[in-house]
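Below, all heavy atoms of this structure are taken into account, side chains as well, without hydrogens, waters or symmetry copies. First the proteins, then the strands, lettered A, B, ... as listed; each starts at 1.
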Amino acid sequence: MTLRLYDTASRTVRDFVPVVTGKVGIYHCGLTVQGPPHLGHIRKEVTFDVLRRWFEFRGYAVTLVANITDIDDKVLAKETEQDGPWWAIAYANVRALHAAYTALGCLPPTYEPRATGHIPEMVELIAQLIERGHAYPADDGSGDVYFDVRSWPDYGTLSNQRLDDMEPAADADARGKRDPRDFALWKGHKEDEPVTASWPTPWGRGRPGWHLECSAMVGKYLGDEFDIHGGGLDLRFPHHENELAQSTAAGRPFARYWMHNAMLNLDGEKMSKSVGVSLLVSDVATRFRPIDVRYYLIAPHYRSIIEFTEAAMAEAATAFQRVEGYVVRATEVTGGIDPAVGEPDPDFTAAMDDDLSVPAALAALQRAVREGNKLLADGDSPALADNLAGVRRMLGLLGLDPLDPLWVGATDRTGSSQAIDGLVAALLDQRQEARARKDFAAADAIRDRLGEAGVEVEDTPQGPRWTVVG
RNA sequence: GGCGCCGUGGCGGAGUGGCUACGCAGCGGCCUGCAAAGCCGUGUACACCAGUUCGAUUCUGGUCGGCGCCUCCA
């Protein structure tokens with residue numbers, strides 16, 4: 001079966017056909033590093049991490065490029081709010097983003113280009129656009145360079161809007177614009193802005209407009225025509241519309257597929273940087289296990305809005321821990337397996353091929369877990385090992401295998417020092433002796449004492465097992 | 001005003017012109033010394049009103065409600 005993806009531009013689900021057979025180039029808009037990432041930002045990262053893992057499973061050589069926009073109005077504005085130069089603030093937020101990636105099990109992108117490192121590529125693109133008659137330097141001496149939307153009849157196709165219905169762009173004084181909807185490719189240096197935030201160009205010193213960096217960088221690393229361009233749905237317009245216009249007007253075919261993930265809302269509204277930052281990844285990760293957070297973020301379809309609530313998050317954690325519990329117990333019984341030999345359930349594969357239908361894929365996974373639990377009741381067997389391998393393979397494709405080195409430490413439910421192992425084992429021996437002589441009061445007393453110390457005891461057909469909780 | 005998305009059982013969340021989503025919670029049972037975990041069983045769910053149809057939660061139109069974008073946004 002072919003992989004099918006929903007393409008925002010055509011508003012249909014289409015068979016995926018790569019530019020180059022066997023390869024896929026994906027570019028998704030990383031962050032404008034004006035602040036540390038919140039749960040909404042990381043939803044996007046996790047979504048594209050799952051996409052990337054699925055393409056790799058399907059045998060594609062994946063090139064994943066996620067940019068960092070480290071210079072723009074908002075970043076500069078932080079300089080006056082916070083103590084420190086804009087570039088230090090941007091860098092600190094890059095580091096926070098990397099910490100969030102790691103915490104939530106996202107594989108690093110193939111490359112992570114930064115806007116400030118690609119000024120020459122941007123200048124080149126502007127020159128091409130001016131030469132072709134689609135951009136012009138403002139005649140008010142501001143040093144701004146604008147994209148001429150009237151010169152590009154296709155402007156508006158991505159967001160399905162007509163130019164005449166659009167409101168004026170407010171990214172600069174309209175004085176130098178030919179049309180109020182023209183957007184800035186380049187912004188001339190202003191007296192009150194730091195000189196460090198300006199670069200020389202044929203049109204004077206200045207800094208890039210918001211959209212230019214992505215067109216320049218995607219062109220450099222993925223080519224004039226590439227496979228998939230992604231990002232949050234809120235980027236569809238103006239950001240992606242403008243990228244598309246800039247690139248195609250410069251003669252570059254650009255993205256074949258546009259993928260946009262839906263927002264994560266809080267209190268019924270989109271989490272917005274301008275409304276105030278809440279639900280920082282660094283904060284959520286202290287209240288919930290990161291692997292549970294990842295499950296919560298990918299369990300709904302990527303094109304469905306997530307209304308964040310603590311209750312739903314906690315419920316998702318319970319749901320995932322059921323799966324995780326099976327993996328842990330089955331691993332204890334089988335002695336461990338190599339997940340690479342596992343085969344995903346056909347229903348799982350079909351669901352993932354169908355525009356990354358993770359909810360349906362998880363339903364298949366849950367059925368496999370139920371089967372596994374039944375097998376587990378009979379102890380070790382080839383069928384159990386087989387099932388466990390399949391379950392772990394499926395989990396791995398979602399970045400959720402609890403035994404992946406990625407998560408070790410964070411989710412280790414049995415790990416403790418050898419001393420604790422010995423002490424608990426000794427107490428459990430005493431309890432087993434008590435049970436053997438039907439002294440259940442003594443046996444339960446030992447279990448209660450262990451429970452008070454945070455050690456939970458369960459009796460299984462293979463004997464008692466214990467885990468450290470909390 | 002323009003362009004879109006969504007309203008599913010107590011909760012989360014898929015999907016389909018007729019056939020069990022799945023999970024959480026609840027209830028009943030099995031297993032267990034007890035428990036935990038697990039397994040089995042268990043729900044007149046598709047905002048409202050019309051229309052199309054043999055049949056609509058699914059398609060069409062309308063109403064109500066919620067959300068996103070229209071140059072800060074993931």
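- Listed by first residue number, the stems of RNA chain B with at least three Watson-Crick or G-U pairs below 3.5 Å are B:1-7 with B:64-70, B:10-12 with B:22-24, B:26-30 with B:38-42, B:47-51 with B:59-63.
- A donor atom on one side chain and an acceptor atom on the other are not found under 3.5 Å apart for A:Asp154 and A:Thr157.
- Applying the side-chain contact (heavy atoms from CB on, under 4.5 Å) criterion to A:Thr460, with sequence neighbours excluded, gives A:Gln462, A:Arg465.
- Two residues, A:Ile305 and A:Lys44, neighbour RNA chain B, and the one matched to the more 5' nucleotide by heavy-atom proximity is A:Ile305.
- If you measure from atom CZ of A:Phe320 to atom C1' of B:rC22, you get 16 Å, rounded to the nearest angstrom.
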Do any N or O atoms of the protein come closer than 3.5 Å to N or O atoms of nucleotides 25-31 of chain B, and which pairs are they?
none

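- Residues from residues 378-394 of chain A with heavy atoms under 4.0 angstrom of RNA chain B: there are none.
- For A:Tyr146 against B:rU71, a side-chain-to-base donor-acceptor contact under 3.5 Å is absent.
- Dashed line: the shortest gap from a side-chain N or O of A:Asn265 to OP1 or OP2 of B:rC67 is not under 4.0 Å.
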For nucleotides 14-17 of chain B, print each protein N/O atom paired with a nucleotide N/O atom at under 3.5 Å, atom names and distance only.
unit_1 : atom_1 : unit_2   : atom_2 : d
B:rA14 : OP1    : A:His301 : N      : 2.9
B:rA14 : OP1    : A:Ser304 : OG     : 2.7

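- A straight line from CZ of A:Arg181 to P of B:rG2 spans 16 Å, rounded to a whole angstrom.
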Whether each nucleotide of nucleotides 32-38 of chain B has a protein heavy atom under 4.0 Å at its base (B), only at its sugar-phosphate (S) or at neither (-) is summarised, 5' to 3', as -BBBBSS
Could you go through residues 429-446 of chain A and list every donor-acceptor pair under 3.5 Å that involves a side-chain atom there, pairing it with any protein atom two or more places apart or in another chain?
unit_1   : atom_1 : unit_2   : atom_2 : d
A:Arg431 : NH1    : A:Asp459 : OD1    : 3.1
A:Arg431 : NH2    : A:Asp459 : OD2    : 2.8
A:Gln432 : OE1    : A:Arg435 : NH1    : 3.1
A:Arg435 : NH1    : A:Asp459 : OD1    : 3.2
A:Asp439 : OD1    : A:Ala442 : N      : 3.2

For nucleotides 58-60 of chain B, give me every protein contact, N/O to N/O, under 3.5 Å, one pair per line with atom names.
none

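- What separates OH of A:Tyr326 from P of B:rG23 is a distance of 15 Å, to the nearest Å.
- Geometric assessment of A:Arg14 against the ring of A:Tyr257 yields a positive cation-pi assignment under the 6.0 Å and 45° thresholds.
- Between A:Asn242 and A:Tyr155 the shortest side-chain heavy-atom distance falls below 4.5 Å.
- For A:Tyr6, there are no ring pair (Phe, Tyr, Trp, His ring centres under 6.0 Å) partners two or more places apart in sequence or in a different chain.
- What separates CZ of A:Phe183 from C1' of B:rC70 is a distance of 15 Å, to the nearest Å.
- With hydrogens and angles ignored, a donor-acceptor pair closer than 3.5 Å exists between the side chain of A:Gln161 and the base of B:rG2.
- Here the closest non-hydrogen pair linking A:Val145 and A:Ala135 is CG1-CB, 4.5 Å.
- B:rC5 atom C1' lies 17 Å from atom CE of A:Met259, rounded to whole Å.
- Side-chain atoms of A:Arg289 and A:Phe320, non-hydrogen and from C-beta on, do get closer than 4.5 Å to each other.
- Looking at residues two or more places apart in sequence or on another chain, you find no ring pair (Phe, Tyr, Trp, His ring centres under 6.0 Å) involving A:Phe237.
- Here A:Arg95 pairs with nothing under the salt bridge (charged side-chain N to carboxylate O under 4.0 Å, His left out) rule; sequence neighbours left out.
- Within the structure, every pair that satisfies the salt bridge (Lys or Arg N to Asp or Glu O under 4.0 Å) test and touches residues 368-385 of chain A, not counting sequence neighbours, is listed here: A:Glu371-A:Lys374.
- With a 6.0 Å radius and a threshold of 12 heavy atoms from other residues, nucleotides or ligands, A:Phe288 has its CZ atom above the threshold.
- Between the CG atom of A:Asp144 and the C1' atom of B:rU71 there is a distance of 14 Å, rounded to whole Å.
- The A:Asp234 side chain lies nearest to B:rC69 when the options are B:rG23, B:rA21, B:rC69.
- Atom CZ in A:Arg162 sits about 8 Å away from atom P in B:rC3, given to the nearest Å.
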